[in-house]
Undergrad: 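Just dropping this structure here.
Side-chain atoms are counted along with the backbone in the values below, which use heavy atoms only and exclude waters and symmetry mates.
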Amino acid sequence: MIIHNLLKKQILIKEMLDQLMVNLTNYIIWPKENEDVEEKIIALEKMIELYKFIIGDNLVDFNGDVAYLYRVISTYKIAQGKKEETLDALEKMCYYIELVSKVKDVEHYTGYFTNLLTYENHNDRPITLAQETLNDRLTQDRYDSIREDARFKQIEERLKELI
């Protein structure tokens, strides 16, 4: 009975986290008057920490969400003209997309708030995520200034390997 109640609470926590993160992300990226880009970046980084705090070191199905947050961070970094930091964010994005591809058919969460939960992998999300990132996101004009950089090309190659 105790385990059943804990499991129900953990399911609720995971569902709430999912909704919270969608709403927080939308709030952060939505343009605001007198917005501070550094504050947005800090908020996105704290969201990544929150994922890890609740879900654990193995983010399982949330790896794609973290990859997305790093891509958003890269858009702010490139707008600031911070080439190396942009590439750092894109490499982290790529790493988390790669982790999506490594999720097993059945994966256990490891976090304090999710340790009773398992995830059943039923999709081709790594391929879709890698394709969308490679073909739609990284082709945006904003990345023209780093497109010929060796690190950028490595990111593209790593994504191609997932397709």
Undergrad: Does either side chain, that of S74 or that of Y143, offer a donor lying less than 3.5 Å from an acceptor on the other one?
TA: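 Yes, Y143 and S74 have a side-chain donor paired with an acceptor closer than 3.5 Å.
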Undergrad: Are a donor atom and an acceptor atom from the side chains of N115 and Q10 found within less than 3.5 Å of each other?
TA: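 There is such a pair (donor and acceptor under 3.5 Å, judged by atom type) between the side chains of N115 and Q10.
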Undergrad: Could you go step by step and tell me if D88 and R151 meet the salt bridge (Lys or Arg N to Asp or Glu O under 4.0 Å) rule?
TA: CA-CA 9 Å; D88 291 344; R151 288 174 66 194; 2.5 Å; yes
Undergrad: Could you tell me whether a side-chain N or O of K92 sits under 3.5 Å from a main-chain N or O of Y70, the two making a donor and an acceptor?
TA: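 No.
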Undergrad: For the ring pair F113 and F53, is the centre-to-centre distance below 6.0 Å?
TA: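 So the answer is yes for these two rings.
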Undergrad: Is it true that atom CG of D57 has more than 12 heavy atoms of other residues, nucleotides or ligands lying nearer than 6.0 Å?
TA: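 No, because the 6.0 Å sphere around CG of D57 holds 12 heavy atoms or fewer from other groups.
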Undergrad: For the residue pair M21 and L50, establish whether any side-chain heavy-atom pair is separated by less than 4.5 Å.
TA: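 Result yes, sub-4.5 Å side-chain heavy-atom pair found.
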Undergrad: May I have the step-by-step check of side chain to side chain contact (heavy atoms under 4.5 Å, CB included) for E15 and D18, ending in yes or no?
TA: CA-CA 5 Å; E15 289 171 353; D18 197 29; 5.7 Å; no
Undergrad: Are K52 and E45 ion-paired here, with the side-chain N under 4.0 Å from a carboxylate O?
TA: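 Not counted as a salt bridge, because no side-chain N and carboxylate O are separated by less than 4.0 Å.
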Undergrad: Quick check: do L162 and Q131 have side-chain heavy atoms less than 4.5 Å from each other?
TA: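 A side-chain contact is absent here, since even the closest heavy-atom pair is not under 4.5 Å.
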Undergrad: Are side-chain heavy atoms of T110 and I55 found at a separation under 4.5 Å?
TA: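 Result no, sub-4.5 Å side-chain heavy-atom pair not found.
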Undergrad: Are K14 and D61 within salt-bridge range, i.e. N to O under 4.0 Å?
TA: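 Yes, this pair counts.
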Undergrad: Would you call E157 and K160 a salt bridge, taking side-chain N to carboxylate O under 4.0 Å as the test?
TA: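 Yes.
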Undergrad: Which atoms form the tightest heavy-atom contact between Q140 and R142, and what is the distance?
TA: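 Smallest heavy-atom distance, with atoms named: OE1-NE, 2.8 Å.
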Undergrad: Would you please classify the geometry between the Y109 ring and the Y119 ring as parallel, tilted or perpendicular, with 30° and 60° separating the classes?
TA: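 Correct class here is perpendicular.
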Undergrad: Going by atom types only, do Q80 and E38 share a side-chain donor-acceptor pair under 3.5 Å?
TA: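 Their side chains do contain a donor-acceptor pair, which is all the 3.5 Å distance test asks for.
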Undergrad: Between D149 and K83, does the salt bridge (Lys or Arg N to Asp or Glu O under 4.0 Å) criterion hold? Intermediate values first, please.
TA: CA-CA 10 Å; D149 187 279; K83 176 184 169 185; 3.0 Å; yes
Undergrad: What I'd like to find out is whether the side chain of V66 reaches to under 4.5 Å of the side chain of N63, using heavy atoms alone.
TA: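 SC-SC contact between V66 and N63 ruled out.
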Undergrad: Would you mind reporting whether L44 and Y76 have side-chain heavy atoms less than 4.5 Å apart?
TA: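 Side chain of Y76 against side chain of L44, heavy atoms only: contact under 4.5 Å found.
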Undergrad: Which atoms form the tightest heavy-atom contact between E91 and R158, and what is the distance?
TA: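 It is O-NH2, 4.0 Å.
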Undergrad: Does a side-chain heavy-atom distance below 4.5 Å link Y96 with L59?
TA: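 Yes; the side chains approach each other to less than 4.5 Å.
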Undergrad: For residues T86 and I73, determine if any side-chain heavy atom of one lies less than 4.5 Å from a side-chain heavy atom of the other.
TA: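 No; the side chains remain at least 4.5 Å from each other.
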Undergrad: Please test K46 against L24 for side chain to side chain contact (heavy atoms under 4.5 Å, CB included), starting from the C-alpha separation and ending with a verdict.
TA: CA-CA 11 Å; K46 287 185 181 198; L24 287 175; over 6 Å; no
Undergrad: Look only at the side chain of T75 and the backbone of V72, and say whether a donor-acceptor pair between them is shorter than 3.5 Å.
TA: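 Yes, the answer is positive, given that a donor and an acceptor are paired below the 3.5 Å cut-off.
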Undergrad: Kindly indicate, with the supporting measurements, whether the criterion side chain to side chain contact (heavy atoms under 4.5 Å, CB included) is fulfilled by M16 and L20.
TA: CA-CA 6 Å; M16 288 173 40; L20 176 65; 5.9 Å; no
Undergrad: Can you tell me if K8 has over 12 outside heavy atoms packed within less than 6.0 Å of its NZ?
TA: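 No - once you tally the heavy atoms of other residues, nucleotides and ligands closer than 6.0 Å, there are 12 at most.
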Undergrad: To check you understand the geometry: which heavy-atom pair defines the closest contact between L134 and L138, and what is its length?
TA: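 Where L134 meets L138 most closely, the heavy atoms are O-CB, 4.1 Å.
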Undergrad: I would like to know whether K153 and E148 meet salt bridge (Lys or Arg N to Asp or Glu O under 4.0 Å); could you show each step before the answer?
TA: CA-CA 7 Å; K153 289 183 178 291; E148 297 305 316; 3.3 Å; yes
Undergrad: Under a 3.5 Å distance rule, please check whether E107 uses its side chain to pair with a backbone N or O of K104 as donor and acceptor.
TA: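 A pair under 3.5 Å: yes.
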Undergrad: For the pair T118 and V60, evaluate side chain to side chain contact (heavy atoms under 4.5 Å, CB included) and give the outcome as yes or no after the intermediate values.
TA: CA-CA 9 Å; T118 57; V60 191; over 6 Å; no
